[in-house]
Amino acid sequence: MAKTTSEMVEEFSGFISYVQELGGLSEEHWNNPIAEGKWTLKDIVSHMMLWDKYFYEEGIEKITLGQPVTVKHLNFNEFNANAMEYAKGQTKDSMIKQFVECRSKIINVVSELPEEDRLKEYKDGDGKKFSIRGYLRGFVPHDKHHRKQIDKYLKSIVER
């Protein structure tokens with residue numbers, strides 16, 4: 001059965017407490033790759049926070065302000081490389097704080113929007129369709145993907 005937008009918002013918000021719990025790990029654990037050839041925890045949280053920030057500023061916020069949506073199809077590899085570079089200049093605590101602020105902003109705004117605005121399809125910067133529900137439908141599984149990777153990493157550091 002398909003999830004309601006409210007259920008997806010709730011699931012999307014669940015990642016906040018998860019990232020906050022990761023704050024209990026050392027800076028060292030945050031700065032080590034989660035597996036050989038993989039990103040660090042800090043890279044992953046930076047990546048997620050910067051995608052949230054992008055979609056908030058170029059999509060969700062524009063909708064609430066009645067402005068044209070400017071989300072565009074970006075080069076994922078370039079965006080993610082920039083997120084990793086950004087993470088290098090951040091501490092564990094600053095990454096957690098930024099992630100929580102950004103994700104909370106999305107959740108607060110989306111929670112207050114009427115369902116019709118969450119479902120409405122807007123033209124994005126590429127002339128394609130963008131909806132808040134569609135955004136959530138894409139990013140809830142994205143969260144799960146990273147959570148699974150992180151959980152595997154957490155299990156490996158406990159076993160050492």
Side-chain angles (χ1 to χ4, degrees), residues 1-23 30-31 33-34 38-150:
M1 189 169 85
K3 292 182 179 165
T4 66
T5 308
S6 294
E7 288 170 331
M8 285 191 283
V9 169
E10 195 172 315
E11 217 173 321
F12 196 63
S13 71
F15 217 80
I16 291 174
S17 58
Y18 182 73
V19 168
Q20 288 172 320
E21 287 168 21
L22 296 174
W30 269 72
N31 290 305
I34 62 167
K38 297 288 184 184
W39 293 351
T40 67
L41 264 183
K42 199 166 21 164
D43 293 337
I44 293 169
V45 175
S46 175
H47 153 83
M48 295 175 75
M49 183 276 296
L50 287 172
W51 277 114
D52 280 357
K53 184 177 188 293
Y54 175 73
F55 278 100
Y56 177 77
E57 291 174 353
E58 304 298 327
I60 297 165
E61 185 178 40
K62 302 277 187 189
I63 291 167
T64 63
L65 297 172
Q67 298 173 353
V69 173
T70 53
V71 168
K72 289 187 176 196
H73 184 81
L74 299 177
N75 178 317
F76 296 135
N77 292 333
E78 187 180 313
F79 189 96
N80 294 338
N82 288 337
M84 289 173 67
E85 195 56 42
Y86 181 78
K88 288 178 186 171
Q90 303 298 313
T91 64
K92 165 189 77 167
D93 291 340
S94 72
M95 277 309 336
I96 293 169
K97 183 176 186 262
Q98 290 174 70
F99 176 84
V100 170
E101 283 175 3
C102 210
R103 182 63 61 102
S104 295
K105 211 186 292 187
I106 291 173
I107 292 157
N108 292 338
V109 168
V110 170
S111 295
E112 291 179 16
L113 284 174
E115 185 66 11
E116 66 221 30
D117 289 348
R118 296 177 187 178
L119 298 173
K120 187 176 175 187
E121 291 183 338
Y122 301 84
K123 288 247 188 267
D124 68 12
D126 291 326
K128 297 189 174 117
K129 294 176 183 171
F130 174 82
S131 72
I132 291 173
R133 181 174 171 78
Y135 164 73
L136 291 170
R137 199 175 350 186
F139 274 81
V140 167
H142 180 248
D143 283 0
K144 286 181 179 171
H145 163 74
H146 288 302
R147 186 176 194 142
K148 192 173 172 185
Q149 290 177 315
I150 293 168

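Sequence positions, counted from 1, serve as the residue numbers for this chain. Quantities reported herein were computed from a predicted structural model and do not represent experimental measurements.
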Which residue pairs satisfy the salt bridge (Lys or Arg N to Asp or Glu O under 4.0 Å) criterion with at least one member in residues 13-22, sequence neighbours excluded? none
For Glu10, look at atom CD and say whether over 12 heavy atoms of other residues, nucleotides or ligands are found less than 6.0 Å away. no
For residues 57-71, pull every pair meeting salt bridge (Lys or Arg N to Asp or Glu O under 4.0 Å), keeping only residues two or more places apart or in separate chains. Lys53-Glu57
Can you find a heavy atom in the side chain of Thr5 that is under 4.5 Å from one in the side chain of Leu113? no
CH2/Trp30 to OG1/Thr91 distance, rounded to the nearest 0.5 angstrom? 9.0 Å
Could you report the tightest heavy-atom contact between Ala87 and Ser46, atom names first, then the distance? CB-CB, 3.7 Å
Does Val100 offer a backbone N or O that forms a donor-acceptor pair with the side chain of Ser104 under 3.5 Å? yes
Identify the heavy atoms of Gly59 and Phe130 that sit nearest to each other, and give their distance. CA-CE2, 4.0 Å
Are Tyr122 and Val71 packed together at the side-chain level, in the sense that at least one heavy-atom pair is separated by less than 4.5 angstrom? no
Name all pairs fulfilling the salt bridge (Lys or Arg N to Asp or Glu O under 4.0 Å) condition that reach into residues 89-103, sequence neighbours left out, sorted by first residue then second. Asp52-Arg103, Lys97-Glu101, Arg103-Asp143
When rounded to the nearest 0.5 Å, the distance separating CZ of Phe139 from CZ of Phe55 is 4.5 Å
Return the minimal non-hydrogen interatomic distance between Gly138 and Pro141, and the atom names on each side. O-CD, 3.5 Å
Roughly how far, to the nearest 0.5 Å, is NZ of Lys42 from CE of Met49? 12.0 Å
Going through the checks in order, is the side chain to side chain contact (heavy atoms under 4.5 Å, CB included) test met by Ile106 and Tyr135? CA-CA 11 Å; Ile106 291 173; Tyr135 164 73; 3.6 Å; yes
Holding to side-chain contact (heavy atoms from CB on, under 4.5 Å), I want the full list of residues that pass it with Gln149, two or more places apart in sequence or in another chain. Ile34, Ile44, His145, His146
As a quick check of understanding, evaluate side chain to side chain contact (heavy atoms under 4.5 Å, CB included) for Gln20 and Ile16, giving each step before the final call. CA-CA 6 Å; Gln20 288 172 320; Ile16 291 174; 3.7 Å; yes
Under 3.5 Å, is there a donor-acceptor pair between the side chain of Asp126 and the main chain of Lys128? no
Is Ser17 reaching over with its side chain to a backbone N or O of Gly14, donor-acceptor style, under 3.5 angstrom? yes
Side-chain H-bond candidate by donor/acceptor type, Asp43 with Thr40, under 3.5 Å: yes
is_close_aromatic(Phe15, Tyr18), centroid dist under 6.0 Å: yes
Please tell me if the side chains of Leu41 and Ile150 come closer than 4.5 Å, counting only heavy atoms from C-beta onward. yes
Rounded to the nearest 0.5 Å, what's the gap from CE on Met95 to CD on Gln90? Could you check? 6.0 Å
Just wondering, do Val109 and Tyr56 contact through their side chains at under 4.5 Å, heavy atoms? yes
Between CG of Asn82 and CG of Asn77, what distance do you get to the nearest 0.5 Å? 11.0 Å
Shortest non-hydrogen separation from Val19 to Phe99 and the atoms involved: CG2-CE2, 3.6 Å
How would you list, by chain and number, every residue that makes a side-chain hydrogen bond (donor to acceptor under 3.5 Å, both in side chains) with Ser6, sequence neighbours excluded? Arg118
Pairs satisfying salt bridge (Lys or Arg N to Asp or Glu O under 4.0 Å), at least one member in residues 63-85, at least two apart: Glu85-Lys88
Working to the nearest 0.5 angstrom, can you tell me the gap between Ile60 CD1 and Leu65 CG? 12.0 Å
